[in-house]
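What follows is a set of notes on a single structure, which appears directly below.
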Amino acid sequence: MGLMRVYRASVSSGFPPPEIPVVRVDHVVAKVAAFYEKIRSIVGWTEEHLIRKTAIARILRRTLALHSDAPELAETLVRDLVRGGYFPNGSIPVAKVSGLEAVLGKYLILFEMLKKLSLGEQASLREWLIDIAGCEVEAYLDPPEKEEALLAFMTEHMRRRIKIEDSLRDEDRENLIFIAVRQALFKFDESIITYQFIKKYAPFWGSFRPDKDVESLRSFGEGIQRWRSGIKAAFGHSALNKIYWAVEALDSPYLILGDVFSSRAKTGELDEAFVSDTEALESAAKRAYRERLKKQKRKAFRAAIYSTISIFSSKVLIAFLVEVPFDRYIGQYSEETLIANIAIPPVLMVLIVLWGLRRPPGKNESRVIEEVRRIIAGDIAAYPLKLKSKRSILIRGFVVLLYALGGAATFGAMIYLLTLYNFSVLSQAIFIFFVSLIAWSGSKIREHAKELVFGEKPPGFIHDLFLFFTFPIVAAGRWFSRQLLRIRPLETILDVFIELPFKFFVEFVEQWRAFLKEKKQEIH
């Protein structure tokens, strides 16, 4: 099995042999920088598996403002990532930095090509490319061979398993399954999947050679707006959500299979004899399932804590910079209102997450283990999927109206209660903004916490009633979240007033300590 070969080949210590030159930074400076990055990641919390990629894109934005030369850009970026603790000190070979120059040089060429566009288009496409570059830099410095192999394995299975009963173009079906598998299995965001799309359809991208592929790159740059529009159209396809939930219902056995193969590869016990031994496979799958369940719970709690801290810190900042001055100005300031305004959103986040952290149904484990065995045996069942609803336009319109009424009732009740408790108009708007963000963040954490649930579980009446009143709030939170990702207000403030001076200070201290070390060596 090709999947087994990849897992066996990917076993390594993570550090190159001693004779290979590596990137090293001052250990004292690294501790200070890593502490800062930890605080920064909590304040601007994103999903745990996206933290490093997000940090790379952020550091890249800052570094691009100071360096436009690929070698200098590559070295500065790598050293910042090692200092920040995103890669262990001494784990990146110096040769990798040279290779990274070609990766970044590709984007520098595209940035130059963007200059002929309007300022608005330049800024938008530049941000889009930097997010993609963050994904590519992470993949280059820490190649995800196992993840890519498992994704390819599951994607091929989903192509065969999901039987779409409605008419859908072959190309659309291929692209939608490609996206859905990556969203469901590893919860990849749009930028990672976009990077993988470009790699798939622009073969030169993943192995760009400055001496041979410049013309191909320029051709890509000429049509970059068309590329982005095509990829965004795939993400906005009306059938994607239904295909995603179909894939999500089937993904847990593949996660367990990946865990089993990974653990067995580390001990050198991953071979044909193991996968042929049903008893050994089921025993290993049970251990992997229970271990992932424990990790999943810890991860959800950690996400809840960090996201709560992030929301709380943002809420306190806005409260004292905006709400308090405004409320004092209009004569509506109240300490009780301020405390409630700051405390309620974090408490709400904790309640949402705790409500969603329930163990999977009792029979779920045996169903997942059985499905792992079927996957190994090649005995995978078809999954019929109907994209078009049989509801008439009148019925659909009535359902939409009901949800709109539920949303109006929810928002109306919130505004009524906030007015009753003397919240100013501005405080009400900010409170609803944060509650919407919390509802969206909490729903994502709860969704991730159910990653081991296999198959579809019909929602009950209480769930439907809850969804009826909260769906508009979650939808609003999703929209707010996407707008914040575009403008990055807090990130911009931190970059300009804190991070940039801090990075200058860190580099100065590192060079100063290196100078002292040289002088000490001269004495001896």
Side-chain angles (χ1 to χ4, degrees), residues 1 3-4 7 49 146-147 149-165 177 180-187 241-264 270 274-300 355-386 443-464 467:
M1 185 188 287
L3 186 62
M4 281 200 303
Y7 272 77
H49 63 289
K146 293 187 295 186
E147 290 83 354
L150 190 60
L151 283 167
F153 181 74
M154 183 175 173
T155 301
E156 182 55 37
H157 275 210
M158 292 303 108
R159 286 197 194 104
R160 289 187 279 137
R161 294 188 76 168
I162 296 177
K163 305 296 182 183
I164 297 175
E165 298 178 6
I177 288 177
V181 169
R182 281 147 185 80
Q183 288 178 331
L185 191 64
F186 292 129
K187 305 297 182 278
N241 277 341
K242 287 195 174 182
I243 293 176
Y244 165 78
W245 286 112
V247 173
E248 174 70 19
L250 301 170
D251 71 339
S252 49
Y254 293 90
L255 287 169
I256 299 304
L257 182 63
D259 291 349
V260 169
F261 278 16
S262 185
S263 63
R264 299 289 293 198
L270 182 59
F274 164 69
V275 296
S276 300
D277 186 340
T278 303
E279 189 175 333
L281 178 64
E282 290 184 358
S283 176
K286 281 181 183 178
R287 285 196 299 273
Y289 178 93
R290 290 167 187 176
E291 184 59 34
R292 180 169 278 269
L293 197 60
K294 291 177 187 175
K295 288 180 180 177
Q296 177 183 284
K297 195 169 184 178
R298 290 196 297 268
K299 191 175 178 180
W355 176 70
L357 289 182
R358 290 175 291 181
R359 290 181 65 86
K363 294 182 179 179
N364 189 70
E365 180 180 326
S366 60
R367 294 177 66 199
V368 170
I369 306 307
E370 174 61 20
E371 188 66 14
V372 169
R373 187 194 65 75
R374 286 177 176 274
I375 289 170
I376 291 294
D379 180 22
I380 51 175
Y383 188 99
L385 179 64
K386 195 165 186 62
S443 69
K444 290 186 76 176
I445 293 172
R446 285 190 290 109
E447 182 187 325
H448 294 352
K450 295 176 182 176
E451 68 178 6
L452 286 181
V453 176
F454 178 66
E456 293 181 284
K457 183 184 177 184
F461 175 74
I462 299 297
H463 177 273
D464 287 342
L467 186 64

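Bear in mind that the values here come from a model prediction, so they are computed numbers and not experimental data.
Taking the side chain as every heavy atom from C-beta outward, M4 and F274 never approach each other to under 4.5 Å. The side-chain heavy atoms of L452 and V368, taken from C-beta on, include no pair separated by under 4.5 Å.
A salt bridge does not link E371 with R367: every distance from a Lys NZ or Arg NE/NH1/NH2 to an Asp or Glu carboxylate oxygen is 4.0 Å or more. Remark: E248 engages K187 in a salt bridge, criterion side-chain N to carboxylate O under 4.0 Å.
With values rounded to the nearest 0.5 angstrom, R373 atom CZ is found 4.0 Å from E370 atom CD. The CG atom of L385 lies 12.0 Å from the NZ atom of K163; values are rounded to the nearest 0.5 Å. The distance from atom CG of L185 to atom CG of L255, rounded to the nearest 0.5 Å, is 4.5 Å. For the atom pair I162 CD1 and L250 CG, the distance stands at 6.5 Å (nearest 0.5 Å). Going from atom CG of L150 over to atom CG of D251 covers 10.0 Å, rounded to the nearest 0.5 Å. To the nearest 0.5 Å, atoms NZ (K146) and CG (L151) are separated by 13.0 Å.
Taking every heavy atom of both residues into account, A180 and I243 meet most closely at CB-CG2, 3.9 Å. Heavy-atom minimum distance, A184 versus V247: CB-CG1, 3.7 Å. Residues R161 and A381 share a closest heavy-atom pair of NE-O, 3.0 Å. Of all the heavy atoms in A249 and F454, the pair that sits closest is O-CD1, 3.4 Å. The two residues V453 and P360 make their nearest non-hydrogen contact at CG2-CB, 4.1 Å.
Under the ring-ring contact (aromatic ring centres under 6.0 Å, His included) criterion, Y7 pairs with F261, sequence neighbours left out.
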Which atom pairs, donor and acceptor, lie under 3.5 Å between side-chain atoms of residues 279-287 and protein residues at least two apart or in another chain?
from, atom 1, to, atom 2, distance (Å)
S283, OG, R287, NH1, 3.0

Under the side chain to side chain contact (heavy atoms under 4.5 Å, CB included) criterion, do I375 and F153 qualify, and how do the steps go? CA-CA 10 Å; I375 289 170; F153 181 74; 3.7 Å; yes
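D259 pairs with exactly one of R292, R290, R264, K295 by the salt bridge (Lys or Arg N to Asp or Glu O under 4.0 Å) rule, that one being R292.
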